[in-house]
Amino acid sequence: MCGIVGAVAERNITAILVEGLKRLEYRGYDSAGVAVYTNDQKLERLRRPGKVSELELALAEDSLIGRLGIAHTRWATHGAPCERNAHPHFSGDLAVVHNGIIENHDALREQLTALGYVFTSDTDTEVIAHLLNHKLKDLHDLTAALKATVKELHGAYGLAVISGQQPDRLVAARSGSPLVIGLGLGENFLASDQLALRQVTDRFMYLEEGDIAEIRRDSVHIWDVNGQAVERESVQYRDGTEAAEKGEYRHFMLKEIHEQPSVVQRTLEGRLSQNQVLVQAFGPQAAELFAKVRNVQIVACGTSYHAGMVARYWLEELAGIPCQVEVASEFRYRKVVVQPDTLFVTISQSGETADTLAALRNAKELGFLASLAICNVGISSLVRESDLTLLTQAGREIGVASTKAFTTQLVGLLLLTLSLGQVRGTLAKGVEATLVEELRRLPTRLGEALAMDSTVEKIAELFAEKNHTLFLGRGAQFPVAMEGALKLKEISYIHAEAYPAGELKHGPLALVDNDMPVVTVAPNNELLEKLKSNLQEVRARGGELIVFADVKAGMTNGEGTHVVQMPHIHNTLSPILYTIPLQLLSYYVAVLKGTDVDQPRNLAKSVTVE
Ligand code: F6R
């Protein structure tokens with residue numbers, strides 16, 4: 001999960017490459033580099049550890065001017081994040097940038113070392129540079145050399161290559177890592193994500209799995225996985241809403257938290273009739289397929305997995321459909337027994353998460369009834385490879401910690417639950433109409449929860465000096481507690497664990513003392529009284545309690561107990577609402593701790609490697 005940008009033009013392209021990298025930092029940001037075929041007809045590069053801004057500073061001192069170039073922002077997999085491991089990697093007169101993992105790099109390194117190639121980095125990518133150089137010596141054509149090289153690579157790659165021997169082109173290959181060509185007038189570009197190129201064009205051509213591309217100033221040629229020349233459709237985008245701007249907010253994360261009422265509204269648009277969910281929202285064959293569904297298997301990673309866990313409560317309770325939920329990295333390597341007529345559901349913000357994609361590909365061999373992707377990116381691999389799709393309308397999420405993607409996924413999953421229940425006739429009378437009404441009110445309720453921003457900011461002060469936290473929830477609030485704990489650890493680096501509140505006395509209670517704040521979500525539901533008893537157990541051990549409680553739950557502040565009153569909401573929708581204060585809490589704790597909120601250490605936005 002690195003970011004790639006490339007350009008071939010009649011003007012100096014260095015600033016375009018750097019701007020593209022900045023827009024791709026969500027993919028990785030531990031080092032960055034650029035290689036340019038300069039106007040002095042030399043291939044030169046500059047690389048720096050750290051963020052793209054470090055590279056930019058270096059370029060201000062030591063400029064590179066040219067009309068052909070490639071650039072990269074890295075998230076380290078092989079080799080520490082330092083200058084010599086940063087991309088582009090050189091071999092002779094060529095430069096390579098790579099997103100992905102080459103699994104047979106050890107064997108290739110051995111072969112290439114025996115042939116006299118000298119390695120200067122610890123990366124898997126450098127084998128590609130030397131192998132290409134080796135092929136180029138025989139074939140004398142960069143495109144042909146790339147075609148021959150990829151035949152020997154095992155693993156995942158998005159690749160961009162330039163060579164001083166053929167400075168009229170940029171060549172690229174895609175297998176397992178996304179690449180898009182940006183089409184200009186007398187100039188063309190390449191990137192891992194169109195976002196990087198919106199500054200220079202609004203016309204894009206998406207490479208498909210196995211494609212090789214030869215990109216010149218005035219032409220693009222593509223060959224498919226079988227080596228056949230192919231045309232890929234070009235798509236024009238006019239929507240400017242993707243602009244990566246923070247606006248009035250200090251961080252993207254805060255902006256994205258506050259966007260939730262509007263993106264939830266957008267996710268509902270066109271999907272509800274007066275008192276029903278429109279099943280066609282999932283695709284033209286959805287009604288026919290949903291009628292056959294007897295089980296649901298959900299697979300996802302991280303925050304998206306937590307959304308799946310909430311959906312399990314809904315699917316079993318409301319639609320009476322047995323549901324299993326599993327993290328993709330486990331599912332893909334496990335021998336799975338598939339029940340007949342099981343719908344395979346993936347959930348993903350990016351639609352490019354390697355484990356989720358691999359799980360989907362495995363699932364296709366396992367006899368599932370059909371696959372459905374609940375995804376935020378319409379042009380993603382996950383969407384392209386699934387039978388049915390529901391696009392969440394969260395808009396681009398830039399903050400590495402997922403916020404609005406999660407709540408829109410929950411909305412999508414509730415629509416799925418109601419659709420399955422509707423088609424199969426398993427919903428209790430009146431449930432669908434009630435929940436459709438509640439869904440319409442949800443954006444307003446979310447706005448009310450967001451209005452508690454400054455209350456939560458004050459509560460955050462309780463955490464500034466703490467190193468450990470517990471999050472508790474019962475029922476569908478347990479995954480909400482897990483999501484709250486994940487957010488806190490991701491951006492504030494405070495150790496946080498989530499437990500179903502009833503599990504406390506089976507072990508974790510031993511950890512509780514006055515240095516361990518305990519955060520709880522307490523909607524007014526049938527588990528409230530049991531939850532209150534669990535909280536007593538914490539107080540009795542001196543643990544400080546922070547409770548987000550329904551205004552009707554009858555909970556008030558007391559010694560060591562901080563209660564934040566939440567707007568009342570229908571119990572089914574409470575996981576969506578209670579997510580908001582937990583997001584705000586982690587945000588304000590991170591701000592107090594002075595961490596890099598939008599780009600927390602060691603993480604990347606889009607995890608396209610295993
Ligand atoms: C956490 C977070 C990650 C992602 C996970 C899956 O804030 O963002 O846990 O949820 O990497 O990513 P997607 O949803 O793109 O498949």
Side-chain angles (χ1 to χ4, degrees), residues 277 279-348 351 353-375 381-392 409-428 431-432 435 475-476 478-480 482 500 572 575 610:
V277 174
V279 179
Q280 311 87 290
F282 291 86
Q285 334 90 293
E288 197 187 325
L289 278 170
F290 284 2
K292 297 185 195 148
V293 172
R294 281 199 280 154
N295 300 281
V296 171
Q297 169 74 60
I298 298 179
V299 168
C301 303
T303 289
S304 301
Y305 166 68
H306 296 154
M309 286 184 70
V310 173
R312 178 174 172 214
Y313 288 89
W314 289 338
L315 282 160
E316 300 211 341
E317 206 170 293
L318 299 171
I321 300 178
C323 174
Q324 308 240 30
V325 190
E326 192 163 355
V327 287
S329 53
E330 286 299 312
F331 179 89
R332 65 182 287 195
Y333 291 115
R334 198 166 66 76
K335 181 149 182 16
V336 180
V337 178
V338 181
Q339 299 286 345
D341 300 320
T342 301
L343 178 68
F344 185 79
V345 179
T346 53
I347 310 169
S348 174
T353 300
D355 285 321
T356 311
L357 258 176
L360 169 65
R361 289 172 186 157
N362 286 359
K364 291 195 170 170
E365 313 294 314
L366 296 176
F368 283 95
L369 175 69
S371 57
L372 162 68
I374 297 196
C375 187
S381 307
L382 202 66
V383 167
R384 277 205 301 271
E385 296 181 28
S386 298
D387 303 317
L388 303 172
T389 305
L390 185 85
L391 290 183
T392 50
Q409 285 167 350
L410 289 178
V411 168
L413 288 160
L414 188 52
L415 295 179
L416 174 66
T417 305
L418 294 175
S419 299
L420 283 168
Q422 180 197 119
V423 171
R424 297 173 71 256
T426 49
L427 293 172
V431 162
E432 188 169 16
L435 288 176
F478 167 50
V480 172
M482 291 176 80
T572 300
E610 207 179 328

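Values in this document were obtained by computation on a predicted structure and should not be read as measured data.
- More than 12 non-hydrogen atoms from other residues, nucleotides or ligands lie less than 6.0 angstrom from CD of Glu326.
- Test Thr389, Asp387, Thr346 against Ser371 for side chain to side chain donor-acceptor pair (under 3.5 Å) and you get one pass: Asp387.
- Counting only distance, with no hydrogens or angles, the side chain of Asp355 and the backbone of Ala328 share no donor-acceptor pair below 3.5 Å.
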Exercise for review: Could you give me the CA-CA distance, side-chain angles and deciding distance for Thr572 and Tyr313, then say whether side chain to side chain contact (heavy atoms under 4.5 Å, CB included) is met?
Suggested key: CA-CA 9 Å; Thr572 300; Tyr313 288 89; over 6 Å; no
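- Within 6.0 Å of CD in Gln285 there are more than 12 heavy atoms belonging to other residues, nucleotides or ligands.
- Here the straight-line distance linking atom OG of Ser304 with atom CE of Met309 works out to 13.5 Å at 0.5 Å rounding.
- For the pair Thr392/Val411, no side-chain contact is recorded, criterion being any heavy-atom separation below 4.5 Å from C-beta on.
- Considering every non-hydrogen atom in both Trp314 and Pro575, the closest pair reads CZ2-CG, 4.3 Å.
- Across Ile347 and Ala307, no two heavy atoms sit closer than the pair CD1-C, 4.3 Å.
- Between Leu382 and Leu360, some side-chain heavy-atom pair lies under the 4.5 Å cut-off.
- In this structure, Gln297 and Phe368 approach most closely via the heavy-atom pair CB-CE2, 3.8 Å.
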**Study point:** Derivation of the side chain to side chain contact (heavy atoms under 4.5 Å, CB included) call for Leu318 and Leu414
**Key:** CA-CA 10 Å; Leu318 299 171; Leu414 188 52; 4.1 Å; yes
**Study point:** Residues Glu385, Lys364; criterion side chain to side chain contact (heavy atoms under 4.5 Å, CB included); working and verdict
**Key:** CA-CA 10 Å; Glu385 296 181 28; Lys364 291 195 170 170; 3.8 Å; yes
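- Looking at heavy atoms from C-beta onward, Arg424 lies in side-chain contact with Ile321 at the 4.5 angstrom threshold.
- Nearest heavy atoms, Val299 versus Phe344: CG2-CE1, 3.7 Å.
- Scanning all heavy atoms of the two residues, the minimum distance from Val325 to Cys323 falls at CG2-SG, 4.1 Å.
- For Phe282 against Gly412, the heavy-atom pair with the smallest separation is CZ-O, 4.1 Å.
- Here Glu432 contributes atom CD and Ser419 contributes atom OG; the two are 7.0 Å apart, rounded to the nearest 0.5 Å.
- Residues Gln422 and Phe290 form no side-chain contact, since every pair of their non-hydrogen atoms from C-beta on lies 4.5 Å or further apart.
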**Study point:** Derivation of the side chain to side chain contact (heavy atoms under 4.5 Å, CB included) call for Val296 and Leu420
**Key:** CA-CA 10 Å; Val296 171; Leu420 283 168; 4.0 Å; yes
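- Shown here is Arg312, whose CZ atom has no more than 12 heavy atoms of other residues, nucleotides or ligands within 6.0 Å.
- Separating the CG atom in Leu315 from the CG atom in Leu418 is a distance of 9.5 Å, to the nearest 0.5 Å.
- Separation of atoms CG (Leu343) and CG (Leu388) is listed at 7.0 Å; rounding is to 0.5 Å.
- Tyr333 places none of its side-chain heavy atoms less than 4.5 Å from the side chain of Asn362.
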